[in-house]
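Atoms within a ligand are numbered from 1 in the order they appear, just like the ligands themselves. The residues of the chain are indexed from 1 along the displayed sequence.
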Amino acid sequence: MATTEKSPRHIVVVGGGLSGTLVVVHLLRTAPAGTQISLIERNPPVGRGVAYGTECKEHLLNVPAARMSAFADQPDHFVHWLEGRVGRLGYPDQVSPSDFLPRQIYGDYIASVFAEARAQAPDTVRFSNIAGELTDIEERPEGNVRLLLADGRTLDADRVVLALGVLPGEYPIRRSLPFYHGRRYVHVPWRPEVLDGIGKDQDVLIVGAGLTANDIIVQLDQLGHRGTVHALSRRGLRPHPHRPGTPAHPAFLDANALPTTVRQLMHLLRAEIRHGGDWRAVVDSVRPFSHALWQGFSWDERARFMRHVRPFWEVHRHRIAPQVAATIDRLADAGRVKFYAGRLQSLKETPVAAEAVFRKHGTEDLVTLTVAKVINCTGPRTDYSKYQHPLYINLLARGLIDHDPLALGLHATPAGEVYRYRAGLSHWLFAIGAPLKGVLWESTAAPEIRVQARQLAARLLA
Ligand SMILES: Cc1cc2nc3c(=O)[nH]c(=O)nc-3n(C[C@H](O)[C@H](O)[C@H](O)COP(=O)(O)OP(=O)(O)OC[C@H]3O[C@@H](n4cnc5c(N)ncnc54)[C@H](O)[C@@H]3O)c2cc1C
């Protein structure tokens, strides 16, 4: 029997990071009797994903606890959950809403939210937690779809949510290099074995100087590393720290007359900061308007933003915890972390080390670094058509997905409804989180994801 729009009997969510887990939580709370929900995660346990799966206690949230509730309509939920655990092993002795807590604790929180939703779901709603990797989806003549997992298992579904997070980054030099296959190169910096093989006194090169680079630096320090960490990025920009106690800035943008060009936006921002606003608070005050602003920009304006503003926006908008900034400043002052602006020219292995040559920004000067390992922290790529994973290759080949005009994510509506390749909206495929960057811009942090998750769950059951 063909599945109709109104009877999603089996909803499959693929990806058990924050996004997928919260979609499932809302489905478990609201699905009508007879609904079956499955969650497929290739790297269990569910609820952690890349960000909150870390075991390093020095990896802190970059958002204060007060803003990390899983539920937008219960802003104190995370802080209350924490208050019930203060003093326990691995938890702080006291907690304040302005604290930047270990990301591992946040993973515990999401896992607990998930466990509670499962425990409270009615027996009439069935749930399956599936450990596996999705590699393909095919549409069936019956009107539903069949999901294929890497180990050969299949699953039939009426609706599918892609909650797959970000893609790994580009290669630091964008051509094939034997170096990338050697033991001295780490392409995906979130893997647990990222620091294996680095001696305490050996030097390391991190390509990138953003949030993930900071993670690596503080983790090395925590492990007692004494060598020099070189961090190379194109412009040498680094994320700014939060300043605790900064009062919120009143909204200065008018929701009914938002700027429609990047130039107008930057003009208003600069004027507001000149008129005495703390730049952090001014930047933060734009956030509630970010989706409307982005959608009010034409694709040409969005491209302009990406070309001229994005690198600066990222380091001002995505700030780091003050403790992390203090650690990095201490290491930089001691000469144990060195930041460079420049572009990598070559990477090769010698019999005893890795040798990296970069050109200093704005000069012809070449600098050679000899290090034990090169770790790629260039930030996630966004172009799905260039990522060689069977799932994306298959979905693109079947015309089930397309990238947005700037290849920032999937071509989708702000509500996460996915467009097929030149064939209108899919009635069964949805996305949440990072894949919606092209249409929403701000779509990767918990404050956005929790709202998307709730709305998407309602849309799936509509
Ligand atoms: C290092 C880091 C730190 C961050 N810190 C913060 C922070 O402090 N505050 C904040 O608000 N945001 C932070 N973020 C943003 C973060 O991306 C979001 O908060 C959130 O974790 C995103 O969750 P997600 O589920 O969309 O993606 P992910 O966490 O990446 O989860 C996607 C999941 O999908 C699974 N998956 C992928 N492909 C397949 C497949 N084919 N089959 C099956 N499973 C698959 C993956 O294994 C993964 O578990 C951070 C991000 C990173 C990377």
Side-chain angles (χ1 to χ4, degrees), residues 12-24 38-54 56 59-70 78 99-107 109-110 114 129-137 147-151 153 155 160-169 188-191 194 208 210-216 218-219 239 242 287 317-321 324 377 379-380 384 387 389-395 409 416 431-437 442-453 456:
V12 178
V13 177
V14 190
L18 178 67
S19 302
T21 305
L22 289 186
V23 173
V24 169
S38 300
L39 177 58
I40 303 177
E41 169 55 51
R42 66 181 171 193
N43 194 16
V46 162
R48 296 187 179 271
V50 168
Y52 314 116
T54 176
C56 176
H59 286 168
L60 302 184
L61 292 172
N62 50 33
V63 177
R67 302 218 341 262
M68 288 297 288
S69 167
F78 178 43
D99 286 349
F100 295 86
L101 290 148
R103 297 208 300 266
Q104 193 183 33
I105 289 184
Y106 192 72
Y109 166 62
I110 296 302
F114 174 57
N129 203 353
I130 300 170
E133 179 161 30
L134 181 70
T135 52
D136 197 4
I137 308 177
L147 286 79
L148 180 69
L149 305 193
D151 58 12
R153 279 178 293 168
L155 201 67
V160 179
V161 177
L162 300 178
L164 306 171
V166 292
L167 304 178
V188 181
W190 304 305
R191 294 202 200 286
V194 58
L211 300 173
T212 305
N214 287 341
D215 271 2
I216 301 287
V218 296
Q219 192 173 356
H242 287 278
R287 191 165 177 174
R317 163 70 190 82
H318 299 285
R319 299 192 294 278
I320 53 174
V324 172
C377 296
Y384 288 81
Y387 181 50
H389 184 282
L391 177 62
Y392 300 106
I393 294 172
N394 289 328
L395 296 190
I432 179 170
L436 302 184
K437 201 167 176 178
E442 296 270 13
S443 186
T444 50
E448 279 80 32
I449 284 172
R450 64 189 181 190
V451 175
Q452 286 180 27
L456 181 55

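Contact annotation: Met68 has at least one heavy atom less than 4.0 Å from an atom of ligand 1. Residue contacts with ligand 1 include Gly132, since one or more of its heavy atoms lies under 4.0 Å from the ligand. Ligand 1 has no atom lying under 4.0 Å from any heavy atom of Pro380. Under the 4.0 angstrom criterion for non-hydrogen atoms, Ala163 is in contact with ligand 1.
For atom 24 (P) of ligand 1, the nearest non-hydrogen atom of the protein is Ser19 OG, 3.3 Å. Nearest protein neighbour of atom 1 (C) of ligand 1, counting heavy atoms only, is Arg103 NH2, 3.4 Å.
Comparing Glu133, Glu448, Glu41 against atom 46 (C) of ligand 1, the shortest heavy-atom distance belongs to Glu41. The heavy atom nearest to atom 29 (O) of ligand 1, considering only Leu164, Val50, Ile432, is found in Val50. Counting heavy atoms only, Tyr52 comes closest to atom 21 (O) of ligand 1 of the residues Tyr52, Tyr106, Trp190.
Other residues, nucleotides and ligands place more than 12 heavy atoms under 6.0 Å from the CZ atom of Arg153.
Between the side chain of Arg450 and the main chain of Ser69, a donor-acceptor pair closer than 3.5 Å is present. Side-chain atoms of Thr135 come within 3.5 Å of backbone atoms of Leu148 as a donor-acceptor pair (strictly under, hydrogens ignored).
In plain terms, the two heavy atoms of Pro435 and Gly165 that are nearest each other are CD-O, 4.3 Å. Nearest heavy-atom pair across Glu41 and Gly17 is OE1-N, 3.9 Å.
Backbone and side-chain nitrogen or oxygen atoms of Ala445 are examined, and none is located within less than 3.5 angstrom of a nitrogen or oxygen of ligand 1. For ligand 1, one of its N or O atoms has an N or O atom of Thr444 under 3.5 Å away.
When the side-chain hydrogen bond (donor to acceptor under 3.5 Å, both in side chains) test is applied to Asp136, the partners found at least two apart in sequence or on another chain are Arg398. Tyr109 is linked by a ring-ring contact (aromatic ring centres under 6.0 Å, His included) to His77, Phe78, Trp81, Tyr106, counting only residues two or more places apart in sequence or in another chain.
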